[in-house]
Amino acid sequence: MGARLEFKILGALAVAMHGRPIAIGGARQRTILALLLLNPGKIVSVETLMETVWKGHPPATARTQVAICIAALRKRFKAEGCDGEVIVTAHPGYLLDLDGHYVDAVEFEQFTAAAQEALEEGCVADAAHAYEQALALWRGPALAGVAGTLVEDEAARLEELRLATYDTYVAAKLELGHHRELIPDLVTVVRDHPLRERSRGALMLAQYRAGRRAEAMETFREGWAHFIEDLGLEPGPELQRLHDAILRDDPSLAPPATAARAIPEDRQTPLELPADVPAFSGRERQLAALDGLVDGGDGQRSIPAALITGSAGVGKTGLALHWSHRVAGRFPDGLLYADMSGHDENRPPVSSEAVLGRFLRSLGVPEADVPVGVHERIALYRSLMADRKVLIVLDDVRTFDQIRALIPGSPCCCVVVTSRCQLEQLVVRHGALRIDLDALTRQEATGLLERIIGEERVRFARADADRLVELCDRLPLTVRIAAAKLTAKPHWSVGYLVSRLANEHQRLDELSAGGSRIRSSFELSYRSLTARAAQLYQRLGLLETPDFAGWVGAALLDEDVDVAEGLMEQLVDAQLLQTMGFDATGRPRYRFRTLSRLYAREAAHREGDVLEQREALGRAFRTWLTIASHARRRERGHHGGRHHGSVLQRTLGSEVLDQLTASASEWFAAERLALISVIDQAAWCGMDELSRDLSALLVAPMESSCTG
């Protein structure tokens, strides 16, 4: 038989050999393999394969192309050490011979069958355990990323089967008295599937049994609103009877006698992580660094901790959740998660006191026993965590004080924090591993786009796909938004979306539709700035230069360069500006991401004074002119008799000017692209003389000196 192949369809399609991934190339091969896996041991006709792959419009060569794909799959499996035929030709098509191989969907069916048998025999605990094993096989939406109507229909059927299995699992756990540990997952399921009455009823019952009667009533009210708004109907009779029974404190709602076999409530295992990010792409280096937290690392951290920082949309939460799911098995005592709402426009930051209360309940502390005082809550939390291995994910943190109380004292636990802010105290006091996320590489960004909209669609528009991800700043969030648009509108070409995003005046609008609001992310960071930093952000956004030094900000504000650089660092800390190397004086240079620049211009047009902004640009352009003139004069050996205007005196001074122009050729090389942009922009602004003088200085050395 040879080696054993492992096929997984309960999530993205994956094939592996002894845990080593096997790449399956091409969308057609993946669709064909998916259809065969959905019908293990059954013949799938060539006509069915053709209809699915080409969505009902197969070309004349379709039969031959299917045969080519089958041959490629066979060759790939044989190359991995499979001696026998995994895909067998059988009239009128092919079948997948899984003898000796593994398919997660088959194992899922085996676990659910065993659970059902245990229920019929009255072994509720065994049934719950089997259901739990079945549900643990799921890694995300079934066959995510594989196209084809039949495949998508089967994926929807499998998803419904998963939800039905989950409902039965929950019923078994409720019968065992495990109502507290069910609540976090049930909250997520009900939020994602608000019209599933069985799940909502289970959540209401679990909340009631946990002493959270008011929350149970609110769960019913929310469901009632969904049913009326979405269906024009009231909830079904079962849900209404449960609601009435809760209002009456009906004794029948008490946990059954089998609850005596439940695990002790002070040793519950919370599993609160949200779902993994679909089509996660790239970040291999960062994932490897995070692995060091659980693989021993450098041995210097008393409490393994990581701080993931970066701008809005760069994928901080995605990285944290993807890694957390990857290592979840290393934390047998639970997975705690809290969205701290540090940068949420719709609600204020969450307090550590509120999160402590929820964490304590998740860890098995009865509602009545949760201390009122924050210090007592901290003490109880750290006592409970002392001998446990728990992963705590704290998402979207604003300040260190917001999470100080949530960091346990046990080195067995691990804390992962995401934030747009620097949180130096987390690094200094707890030795947190710092991971600064930047944009994806072009290859990673197009790979993400490809995984969402399909390899074939990208392959036939490679240049447009590359341009699209650049217009999205190669940020995971904006690439996903663009991909979602293309998925929702299959009649759009990639090039058509590129043409829409190429218009800078509407790009932020295009990328701020629905729930993914990239503009509001910039708005929150912008509103946190001081008035002077906000003014500098606006004026820098008006420049067309690709990058700039601190003295440019000084000229825009008519301010000392040290003060301007301090304000620029505020913009860096707010993830609105980036650093990129140093100039000849050892001072940092800065640049925008395109989307941040576009928002800065919006803010400038919305809030700035047009005349003051024109004056600011004029000062900056004259400063470039004065430095360029000085550099040319030094290049000609004219070192004496310097005289520069008040703008230059205020922004730089003679010493820094001499440092900048010590090597005129180096300065012109560093500023060449900026000078070209300034020449063009000065001309657009009607500053023709400035534009001509700068052009002359850039093209050839001049004897005369231009002063600012």
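The pair R462-E450 meets the salt-bridge criterion, since a charged nitrogen lies less than 4.0 angstrom from a carboxylate oxygen. Classification of R539 and E612 as a salt-bridged pair holds, one side-chain N sitting under 4.0 Å from a carboxylate O. Taking 4.0 Å as the cut-off between side-chain N and carboxylate O, D401 and R404 count as a salt-bridged pair. Ion pairing between D509 and R519 holds under the 4.0 Å rule for side-chain N and carboxylate O. A salt bridge is absent between E544 and R597; no separation between the charged side-chain nitrogens and carboxylate oxygens falls under 4.0 Å.
Annotation: E689, atom CD; neighbour count of heavy atoms from other residues, nucleotides and ligands within 6.0 Å does not exceed 12.
Between Y337 and the choices L321, V416, L391, the side chain to side chain contact (heavy atoms under 4.5 Å, CB included) rule is met once, by L321. If you run side chain to side chain contact (heavy atoms under 4.5 Å, CB included) between F400 and each of I407, V417, L307, V427, only I407 comes through.
Rounding to the nearest 0.5 Å places CG of L440 at 11.0 Å from SG of C472. The distance from the CG atom of L475 to the CZ atom of R593 is 5.0 Å, given to the nearest 0.5 Å. Taken to the nearest 0.5 Å, the CG atom of L675 stands 11.0 Å off from the CZ atom of F621.
At distances below 3.5 Å, not a single donor-acceptor pair connects side-chain atoms of S629 with backbone N or O atoms of L625. Using a distance-only test at 3.5 Å, with no hydrogens or angles considered, a donor-acceptor pair links the side chain of R507 to the main chain of L501. D396 places a side-chain N or O within donor-acceptor distance of the main-chain N or O of G342, the cut-off being under 3.5 Å. Side chain of S499 to backbone of Y496: a donor-acceptor contact under 3.5 angstrom is found. The backbone N or O of A682 sits nowhere less than 3.5 Å from a side-chain atom of S691 that would complete a donor-acceptor pair. Panel note: side chain Y381, backbone L406; a donor-acceptor pair is recorded below 3.5 Å. Judged by distance alone, with hydrogens and angles left aside, the side-chain atoms of R330 form a donor-acceptor pair with the main-chain N or O of V294 at under 3.5 Å. When atom types are taken as modelled, the side chain of R591 and the backbone of Q578 share no donor-acceptor pair closer than 3.5 angstrom. Using modelled atom types, no side-chain atom of S596 and backbone atom of F592 make a donor-acceptor pair closer than 3.5 Å. No donor-acceptor distance shorter than 3.5 angstrom exists from the side chain of Q570 to the backbone of A533, with no hydrogens or angles considered.
Pairing each heavy atom of S521 with each of R420, the nearest pair is O-NH1, 2.9 Å.
The aromatic rings of Y526 and Y537 are tilted relative to each other, their planes meeting at an angle between 30° and 60°.
Cation-pi contact between R632 and F668: present, with separation from the ring centre below 6.0 Å and deviation from the ring axis of at most 45°.
Residues M568 and P588 are not in side-chain contact: their nearest non-hydrogen atoms beyond the backbone lie 4.5 Å or more apart. For the pair H630 and T626, the minimum side-chain heavy-atom distance is 4.5 Å or more.
Under the 3.5 Å distance criterion, with hydrogens and angles disregarded, a donor-acceptor pair is assigned to the side chains of Y590 and E569.
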